[in-house]
Amino acid sequence: MFPSTSPDTGRDPWSDGPAPGPAGPAGPARGYPPAPRTGPADDDGRERKGPRRLRKGGPGRRPDDESDEAPEEEVPPVPVRRPLALTVAGFAALLGVGLVLGAQTAGPGHRLPFAFIIFGVQLLFVLAWTMAMRPPALLVVALVSAAAAGIADAAAVQSDIAGLAPLGYAAAAGLVLAVLGQLFRRVDRVRVTDSLGSTLLIVVGVVAFATLIVLSRVPKGTQAITVCLTATGVALLVARLTDAVAPWPRLAPQVPRGAAGVVAGAMLGTLTSAVLGSYLVGFTPTSAALVGLVTAGTAVLADLAVGYAEAGRLMAGEPPTMWVARHMQGPLGGFALAAPAAYAMCVLFL
C-alpha cells in the first residue's frame with residue numbers, strides 16, 4: 001500500500017534546506033540545481049577558455065586554437081633573368097630579319113630560296129617545340145612534322161593556284177600519322193589522349209610557316225610579308241627588352257613576364273607597320289597599321305602563352321627540358337601564329 005503522506009510532509013514551504021533523503025554519489029543532492037560549468041578541461045588537460053565557434057565546412061574551433069595553425073607560405077615570384085631576356089630578344093630580331101629578307105628574294109619563278117629559308121625555320125620550330133612539350137613517341141612526331149613541313153612547302157611552291165587547301169591536307173595527314181605512331185607503342189598509347197593537343201600544335205604550327213610562301217604568290221603579298229613580319233619582330237623585340245628592364249606589373253608570380261612589355265611591344269609594332277605603310281606601294285599608313293596591329297598582337301600573346309605553358313609544366317612536376325629549346329619556343333610560336341594572320345589580313349582587307 002502507498003503511504004498516506006508524501007516524504008515532504010512536515011517541511012516548511014519557506015525552508016531553503018535540502019529535502020530529506022539520501023544523496024547518492026550519482027548526482028547532486030535533491031533541491032540544489034546543478035552547478036554551472038565554468039570551463040571543463042579538454043582531453044589534453046587544458047581548460048577551455050571560451051565557447052566554440054563554428055567554421056564553414058569543419059568542426060567548431062576555439063579562439064586559442066588559432067595560434068596553433070601555421071600561416072600559409074607565399075610562393076616567391078620567379079626572378080626575371082636579364083641576360084636571358086636580352087638573348088631571347090636578339091633571337092626574335094634575327095628571326096624577323098631573316099624572314100623579311102628571305103621574302104625579298106621571292107619572285108615569279110624564283111620562290112625556292114624563300115622556301116629553303118622557311119624550311120630551315122620550320123626545322124627550328126620542330127626541334128624547339130618537340131623538346132619543350134615532349135609528346136609521346138617524340139622522335140616519330142618530330143620526323144612526321146618535318147615531313148609535313150617539306151610537303152607543305154613543296155605544295156605551296158608547285159601548286160597551280162595559290163591557296164591554303166594543300167597546306168591543310170598536309171597538316172591533316174601529318175597529324176594522323178603522328179597519332180598512329182604514338183599508338184604503335186603500348187608505353188606511349190596511354191598518353192595519346194592527354195598529348196593530342198601538343199601534337200596538334202606542333203604539326204599545325206610547323207605547317208603554318210608555309211602560308212608565307214603562299215602569300216608571296218599573292219598580289220601585294222611580298223609587301224604584306226614585309227609589313228607584318230617587321231611588326232611581329234619589333235613587337236617581340238620590344239616586349240622582351242622591356243621585360244629585361246622593367247618587368248612590371250607581373251602577370252603571374254610563376255611567369256617572368258610583365259604587362260608593360262606586352263602592351264609596349266604591340267603598340268610599337270603597330271607604329272612600325274604604319275611607318276612602313278607610308279613608303280610601300282599598295283599600302284597606306286592606316287591599312288598597314290591595321291594588319292600590323294593584328295599580327296603584332298597575335299605574336300606577343302602567343303609568346304606570352306608559351307611562358308604560361310612552361311610555368312604550368314614546371315608546377316605539375318615535369319622535369320625541365322633543354323634550355324635552348326625552351327627559350328626558342330616563344331618567338332618561334334609567335335611567328336608561326338603571325339604567318340596565317342598576315343595571310344588572312346592580306347586576303348580579306350587588302
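Given the structure is predicted, the values throughout are model-derived calculations rather than measurements. Just so you know, residue 1 is the first one in the sequence shown, and it goes up from there.
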* R217 side chain to A156 main-chain N or O, any donor-acceptor pair under 3.5 Å? -> yes
* Counting only heavy atoms not in I161, do more than 12 fall under 6.0 Å of its CD1? -> no
* With side-chain contact (heavy atoms from CB on, under 4.5 Å) as the test, would you mind laying out the steps for L212 and L229 before giving the verdict? => CA-CA 10 Å; L212 296 176; L229 295 188; 4.1 Å; yes
* Look at atom CE of M131 and say whether more than 12 heavy atoms of other residues, nucleotides or ligands are closer to it than 6.0 Å. => yes
* Might you point out which heavy atoms bring L127 and A325 nearest each other, and give the distance in Å? => O-CB, 4.2 Å
* **Co-membership, hydrophobic cluster, residues V234 and V245, 4.5 Å side-chain** => no
* To do: Determine which pairs satisfy side-chain hydrogen bond (donor to acceptor under 3.5 Å, both in side chains) with at least one residue from residues 304-317, sequence neighbours left out, and list them in order.
  => E310-R313
* With F114 as reference, evaluate V157, D153, L101, T105 under the side chain to side chain contact (heavy atoms under 4.5 Å, CB included) test and give the passing residue. => T105
* Do the non-hydrogen side-chain atoms of V291 and C346 ever get within less than 4.5 Å of each other? -> no
* Structure fact -> Taking every heavy atom of T232 against every heavy atom of G334, the minimum-distance pair comes out as CG2-O, 4.5 Å
* Asked: Taking all non-hydrogen atoms of both residues, which atom of A336 and which atom of P340 are closest, and how far apart?
  -> O-CD, 3.0 Å
* **Any donor-acceptor N or O pair under 3.5 Å, side chains Q104, T226** => yes
* To do: Report yes if the side chains of L196 and L200 come closer than 4.5 Å at any heavy-atom pair, otherwise no.
  => no
* Asked: Going by heavy atoms in the side chains, are V300 and L304 under 4.5 Å from each other?
  -> no
* To do: Measure the CZ-CG distance between R240 and L84 for me, rounded to the nearest 0.5 Å.
  => 7.5 Å
* side-chain hydrogen bond (donor to acceptor under 3.5 Å, both in side chains) contacts touching residues 266-284 (sequence neighbours left out) -> T284-S287
* For V324 and F91, run side-chain contact (heavy atoms from CB on, under 4.5 Å): C-alpha distance rounded to whole Å, both residues' side-chain angles, the deciding distance at 0.1 Å, then the answer. => CA-CA 11 Å; V324 177; F91 173 72; over 6 Å; no
* Main-chain N/O of V227 paired to T230 side chain as donor or acceptor, under 3.5 Å -> no
* Hey, could you give me the CG/CD distance between L112 and Q158, rounded to the nearest 0.5 Å? => 7.0 Å
* Asked: Taking the side chain from Q182 and the backbone from A137, do they hold a donor-acceptor pair closer than 3.5 Å?
  -> no
* Do L271 and L268 come within less than 4.5 Å of each other through their side chains, counting heavy atoms only? -> yes
* Just do the side-chain contact (heavy atoms from CB on, under 4.5 Å) check on V78 and R250 with the steps written out, would you? => CA-CA 10 Å; V78 177; R250 292 290 292 269; 4.2 Å; yes
* Structure fact -> Residues I118 and I213: closest non-hydrogen pair is CG1-CG1, 4.0 Å
* To do: Could you tell me which non-hydrogen atom of A170 sits nearest to which non-hydrogen atom of I151, and how far apart they are?
  => CB-CG2, 4.2 Å
* Structure fact -> Taking every heavy atom of A260 against every heavy atom of T242, the minimum-distance pair comes out as C-CG2, 4.0 Å
* Asked: Among the clusters formed by ILVMFWY side chains lying less than 4.5 Å apart, do V203 and V306 turn up in the same one?
  -> no
* Answer whether the closest heavy-atom distance between the side chains of V204 and L175 falls below 4.5 Å. => no
* To do: Please check if the side chain of R111 supplies one atom and the backbone of A106 the other of a donor-acceptor pair under 3.5 Å.
  => no
* To do: Compare all side-chain heavy atoms of V121 with those of F335 and state whether any distance is below 4.5 angstrom.
  => no
* To do: Determine, step by step, whether Q254 and L314 satisfy the side-chain contact (heavy atoms from CB on, under 4.5 Å) criterion, reporting the C-alpha distance in whole Å, the side-chain angles of both residues, the deciding distance to 0.1 Å, and the verdict.
  => CA-CA 9 Å; Q254 296 82 12; L314 293 178; over 6 Å; no
* To do: Report yes if some heavy atom in the side chain of L276 is under 4.5 Å from a heavy atom in the side chain of F283; otherwise report no.
  => no
